[in-house]
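As the structure is a prediction and not an experimental result, all values here were calculated from the model.
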Amino acid sequence: MEVLNSAQQNIVSHYHGPALVIAGAGSGKTRVITHRVAELIRSGIDPSTIMLLTFTNKAAKEMANRVAQATNQQKIEHAMIHGTFHSVANRFLRRHAKLLLYENNFSILDSSDSRDLLKAAVAESIGKPSKNFPKAAVLQNIFSLAFNQNCDVATLERTEYLQRYFDLELLVEQQYPHFYPLIPEIRMIHASYRHKKRRNNALDFDDLLENWLDLLLKKQKSLPWVEQIQFILVDEYQDTNKVQASILDRLAQEHKNLMVVGDDAQSIYSWRGANFKNILDFPVRYNAAVYRLEQNYRSTPDILALANSSINQNKEQFQKELYSLLPNLERPALYRLYDLESEAEIVVGRILELKDQNISLNEMSVLYRNHVQSATLQVALTQRGIPYIVRSGVQFFEQAHMKDIVSFLKIIFNPLDEIAWMRVLKLIPGVGNTTAQKIFHVFLEQKAVRLTFDNVELQKKIPKKAKVAWEQLLICFKRLLEEGTTPSQMVAIVYQMIYRDYLFVSYENAVQREADIAYLEEFAGKYKSLERLLNELSLVGTTAIKDYEAERFQEDECLTLTTIHQAKGLEWNVVFVIGLTEGQFPHQRCLEPPSRLEEERRLFYVAMTRARRYLTLTAPIVSSSFGANTLSSRSRFIEECPQTLMSCVTTPGTEDMSYSNYKARFTF
């Protein structure tokens, strides 16, 4: 059994009533949450009355496993309700979708599916858009942000499903002003998009939350599962949006046994809808007990002293002071440099030096505000033969070839999944968007998917040059629908009968993509249920890609390059934070209002607290901006911190290029 410190024990002993746990970076919050759940169960609480919500399914499973071990009750993992907001919403809606006039076998649209359906909505609403009209990806972002930032209980109570615009006009005016004259068309597309989702029995990620809250508002008394939930624990509460907070308010309405755990100093996701006020206002809204975890088990005292000095510049926060009982090794190093080449030289040299001290590359990471800040460094690493992985780009399961295969499986589960059909049909030579739409509309008119050779209306829509491929497709679906066919076998059937030829004539790196599909077949082998596999692929693609990458690179050492946003929740023995140039970090767009600048400072705090033993900061005065080298100053964030907390090295000739001196010489 793990030993708890006194602050942790106080939280575990909290029984009834609302509570906020302000858990500083590296303070053992996972340990506290699992011990708290275990304590509830040992006291006689039925595990099925406990709900544990996290922001990754991997974290939820890990916590459930720890609870099972702590209580010696292996079945607890299955009895306790646990997962992400979206995965639990999915489970909830699978039981009660018909109350909202959906079928229980609804499809879940991932990001790419959503874009494809938006393209169809654009074509249906306004025809061919002008060159200046926002692309589907931009519309997707507008609609999602409008929902996550503006959807509230009042909106859901006063409007019907298809009329919910979530202040689209306000969002476009503030963040996309160049599209403001297009508001009428954007509204039409939004309505068409929602109509298509409803018609296709499909939900996107935002719909999962919206419909969960909708059910709680309108049908709560007829939902026995809600009354069953007596104790709720929420991890990473600082990252919740308005809708998630409202869901929790409804679930905890009667018993008030809501414990939320989070760190306001690590609230860095407002750009995707997270509401900082949720955690800041929680004690007053709930009249909640407040606990603080300030002992850090990750970093050295010197690293924490620097992080504390930075975050204490923020006005809106819960005051806390992280401390550590670990021994110090080196003070954080600050390099004041001239340009990106100098920065790359310093970082590469330091990496090789630490590697000579038997520190593995796997224990090192380079963090930055924006991907472009790593470009020069990547060249230098390649030249010196240092292997690295950039944790960015398209997620593994969202790559085109993976989505093509999975679309076949989605059709087996939900025959009227329009997006899946569009992707599958367009694999057939001679079938484009228009023909694919015509074929799908036959299914809608017949109110069934009759994949038979005697379906006359369907056969009329197939171009002559597509006849052979169409017949092969019908045979393939017949094989897929055979009783007892497992998800793994389905992947193999689709690949061998349909996709292999397409793959090798369509992609230069077909061999690598073939290996990816082989991994998908292996991954699918973990699931006997097609529904469970599709839910996993839709909801936890991020976890899967991390696991896949870990397998792929486990035999070799590999340096990690990543944005700070993607690094949250991770840690390394050695961390480099590069690109500390004013206008780059903090970013130029985030200097006003003060709330945005404070979030940038929280981002800096998150970066520093990823380091266990060694922390290096680099601050060039020449940075890359829109493809050109720009003379600037060093970040205000390092100028705010006492220089006595760092070992400072300054390139000759750049001594006076601090933020304070730069500000004094120039007018902004």
Looking at [atom1] of [X] and [atom2] of [Y], how far apart are the two atoms once the value is rounded to the nearest 0.5 Å?
X    : Y    : atom1 : atom2 : answer
L615 : M646 : CG    : CE    : 9.5 Å
Y237 : L53  : OH    : CG    : 11.5 Å
I303 : R331 : CD1   : CZ    : 13.0 Å
R369 : I564 : CZ    : CD1   : 7.5 Å
L171 : Y176 : CG    : OH    : 7.0 Å
K568 : I268 : NZ    : CD1   : 6.0 Å

salt_bridge([X], [Y]) N-O dist < 4.0 Å:
X    : Y    : result
D263 : K29  : no
K355 : E557 : yes
E599 : R596 : no

Self-check item: Step-by-step side-chain contact (heavy atoms from CB on, under 4.5 Å) determination, E600 to R589
Solution: CA-CA 10 Å; E600 287 287 288; R589 293 195 301 267; over 6 Å; no
Whether [X] side chain and [Y] backbone form a donor-acceptor pair below 3.5 Å:
X    : Y    : answer
Q140 : S114 : no
N573 : E363 : no
Q266 : D264 : no
Q244 : F85  : no
R634 : E639 : no
N296 : S27  : no
S267 : F276 : no
E294 : E321 : yes
N5   : Q8   : yes
R336 : I621 : no

Mind listing the closest non-hydrogen atom pair of [X] and [Y] along with its distance?
X    : Y    : result
I22  : F318 : CD1-CG, 3.3 Å
L559 : S365 : CD1-N, 4.1 Å
T84  : T56  : CG2-C, 3.4 Å
A307 : T609 : CB-CG2, 3.8 Å
L367 : R610 : CD1-CG, 3.8 Å
A344 : A380 : CB-CB, 3.9 Å

Side-chain touch [X]/[Y], heavy atoms, less than 4.5 angstrom:
X    : Y    : value
I359 : Y614 : yes
L645 : S309 : yes
L233 : V261 : no
H565 : L603 : yes
T54  : I33  : no
R66  : T30  : yes
L381 : V348 : yes
L570 : W572 : yes

Quiz item: Picking from L340, I346, D339, what satisfies side-chain contact (heavy atoms from CB on, under 4.5 Å) with E343?
Solution: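 By the side-chain contact (heavy atoms from CB on, under 4.5 Å) criterion, E343 pairs with just one of L340, I346, D339: L340.
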Quiz item: Knowing that exactly one of V574, L361, L377 qualifies, which makes a side-chain contact (heavy atoms from CB on, under 4.5 Å) with I351?
Solution: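 Exactly one candidate clears the test, L361.
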Exercise. Output, in order, the C-alpha distance, side-chain angles, deciding distance and verdict of side-chain contact (heavy atoms from CB on, under 4.5 Å) for K403 and D110.
Key: CA-CA 10 Å; K403 288 180 66 61; D110 64 19; 2.7 Å; yes
Quiz item: Between L561 and Y368, is a side-chain contact (heavy atoms from CB on, under 4.5 Å) present by the stated rule, with each step listed?
Solution: CA-CA 8 Å; L561 273 60; Y368 36 82; 3.7 Å; yes
Quiz item: So does E345 have more than 12 non-hydrogen atoms from other groups sitting under 6.0 Å from CD?
Solution: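 Atom CD in E345 is not packed in, count stays at 12 or less.
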Quiz item: Under 3.5 Å, is there a donor-acceptor pair between the T240 and N278 side chains?
Solution: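 A donor-acceptor contact under 3.5 Å links the two side chains.
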Exercise. May I ask you to establish whether R350 and Y335 are in a cation-pi arrangement, using a distance under 6.0 Å from NZ or CZ to the six-membered ring centre and at most 45° from the ring axis?
Key: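 Verdict for Y335: no cation-pi partner in R350.
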Quiz prompt | Ring geometry between F604 and F637 (parallel below 30°, tilted from 30 to 60°, perpendicular above 60°) | solution =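 F637 vs F604 ring planes: parallel.
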Quiz item: Please walk me through it: do T563 and Q566 pass side chain to side chain donor-acceptor pair (under 3.5 Å)?
Solution: CA-CA 5 Å; T563 63; Q566 291 174 315; 3.2 Å; yes
Quiz item: Given the rule in the side chain to side chain donor-acceptor pair (under 3.5 Å) test, do Q238 and E236 qualify, once you have shown the distances and angles that lead to the verdict?
Solution: CA-CA 5 Å; Q238 78 279 351; E236 303 287 6; 2.6 Å; yes
Self-check item: Trace of the side-chain contact (heavy atoms from CB on, under 4.5 Å) decision for F179 with V138
Solution: CA-CA 10 Å; F179 294 141; V138 177; 3.7 Å; yes
